[in-house]
2 protein chains.
Amino acid sequence: MSKNNLEKYLDADNCPVRNVLDRIGDKWSVLVILLLGDADTLRFNEIHKYIGTISQKMLTVTLKKLEADDLIHREIYPQIPPKVEYNLTERGKSLLPNLKNLVSWANEHMVEIKSARATALTSS
Amino acid sequence: MSKNNLEKYLDADNCPVRNVLDRIGDKWSVLVILLLGDADTLRFNEIHKYIGTISQKMLTVTLKKLEADDLIHREIYPQIPPKVEYNLTERGKSLLPNLKNLVSWANEHMVEIKSARATALTSS
DNA sequence: CAGCATCCGGGCAGATACTG
DNA sequence: CAGTATCTGCCCGGATGCTG
């Protein structure tokens, strides 16, 4: 491929990669999507428990962003105590295979990458 | 899939997804990898020019991280003025298809997502 | 040309306390 | 239970200036 069609990466606002990465590139989104992909439906505190290290605040923010992009669906049950369930939308499900591929790649290469990093560190 | 095998997502250090995303999930890494995937070999200032909005500092940081993970190769020509060329390693190339899939997905869904975001905004 | 060193501001993210 | 509100600290990342 020549260098002539590289301009597509330049326009940050309209560059699809950038647009998607700005959302799922954060610390937790992918994790939540994978989790919901496996579990189908989860309540707020279930997600919180599974991820463990995420704060309540960041989980709320993450879920809202994903909901705004229509990647997850939020079902509210008007009860006391309240009950809210989350699951993937069709669009969220369509993203899932791509993420799973990335997971597979990560699984295959993680060990090598870790050792590469270690080497890079000691040589500095 | 049951909830029983969700524990794999919990250990942040050894979770492959987390490990990969911690690296390529930043603002520029994916862009650089895609760029080098298209262009084969680029010099520092060529990358700088193509991305445009990246600062010199962040480009340096990004390239070093990618090099530490052995995703890109750095070839230094001992000349004056100096010349440094970057290209993908085999490992970097193996990641490329996964990223391209993500790009395709992004291309297909960007418009819908943007309108979903707009709706989410006006309803708040 | 290809960086490195330094300074600095804004926003992300954690901790804590409170609520329907 | 599933959040909100607020305060705060810290790190990311931009701008600038300097080097081999």
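Letters A, B, ... are given to chains in the order of the sequence lines, protein chains preceding strands, and every chain is numbered from 1. When reading the values below, keep in mind they use all heavy atoms of this one structure, side chains included, and skip hydrogens, waters and symmetry mates.
Under a cut-off of 6.0 angstrom, the local environment of CD1 in A:Ile76 is crowded, with over 12 non-hydrogen atoms contributed by other residues, nucleotides or ligands.
Qualifying side chain to side chain contact (heavy atoms under 4.5 Å, CB included) partners for A:Lys93, counting only residues two or more places apart in sequence or in other chains: A:Leu88, A:Glu90. Taking the salt bridge (charged side-chain N to carboxylate O under 4.0 Å, His left out) definition, one finds that B:Glu75 meets it with nothing, sequence neighbours left out. Not counting sequence neighbours, B:Glu108 has no partner by the side-chain hydrogen bond (donor to acceptor under 3.5 Å, both in side chains) test. Here B:Asp70 pairs with A:Ala116, B:Thr89, B:Arg91 under the side chain to side chain contact (heavy atoms under 4.5 Å, CB included) rule; sequence neighbours left out. Taking B:Asn45 as the reference, B:His48 meet the side chain to side chain contact (heavy atoms under 4.5 Å, CB included) condition, with sequence neighbours excluded. The salt bridge (charged side-chain N to carboxylate O under 4.0 Å, His left out) check on A:Arg117 picks up B:Asp69, with sequence neighbours excluded. In this view, A:His109 and A:Trp105 satisfy the ring pair (Phe, Tyr, Trp, His ring centres under 6.0 Å) rule, not counting sequence neighbours.
Between A:Gln56 atom CD and C:dC18 atom P there is a gap of 15 Å when expressed in whole angstrom units. Rounded to an integer number of Å, the gap from B:Ile51 CD1 to C:dA2 C1' is 16 Å. The distance from atom CD of B:Glu46 to atom C1' of C:dG3 is 16 Å, rounded to the nearest whole Å.
Applying the 4.0 Å criterion to OP1 and OP2 of C:dA2, one finds that B:Arg43 has a side-chain N or O inside that range.
Note on residues 57-101 of chain A: no pairs pass ring-ring contact (aromatic ring centres under 6.0 Å, His included), not counting sequence neighbours. Pairs of residues two or more places apart, or lying in two chains, that qualify as salt bridge (charged side-chain N to carboxylate O under 4.0 Å, His left out) and include a residue from residues 52-68 of chain A are A:Asp26-A:Lys65.
Axis angle between the ends of the helix from C:dC1-D:dG20 to C:dG20-D:dC1, five pairs each and rounded to 10 degrees, works out to 50°.
Put simply, chain B comes within 4.0 Å of DNA chain D, heavy atom to any atom, from D:dG13 to D:dG20, going 5' to 3'.
Non-hydrogen atoms lying under 4.0 Å from DNA chain C are contributed by A:Lys57, A:Met58, A:Pro82, all within residues 57-82 of chain A.
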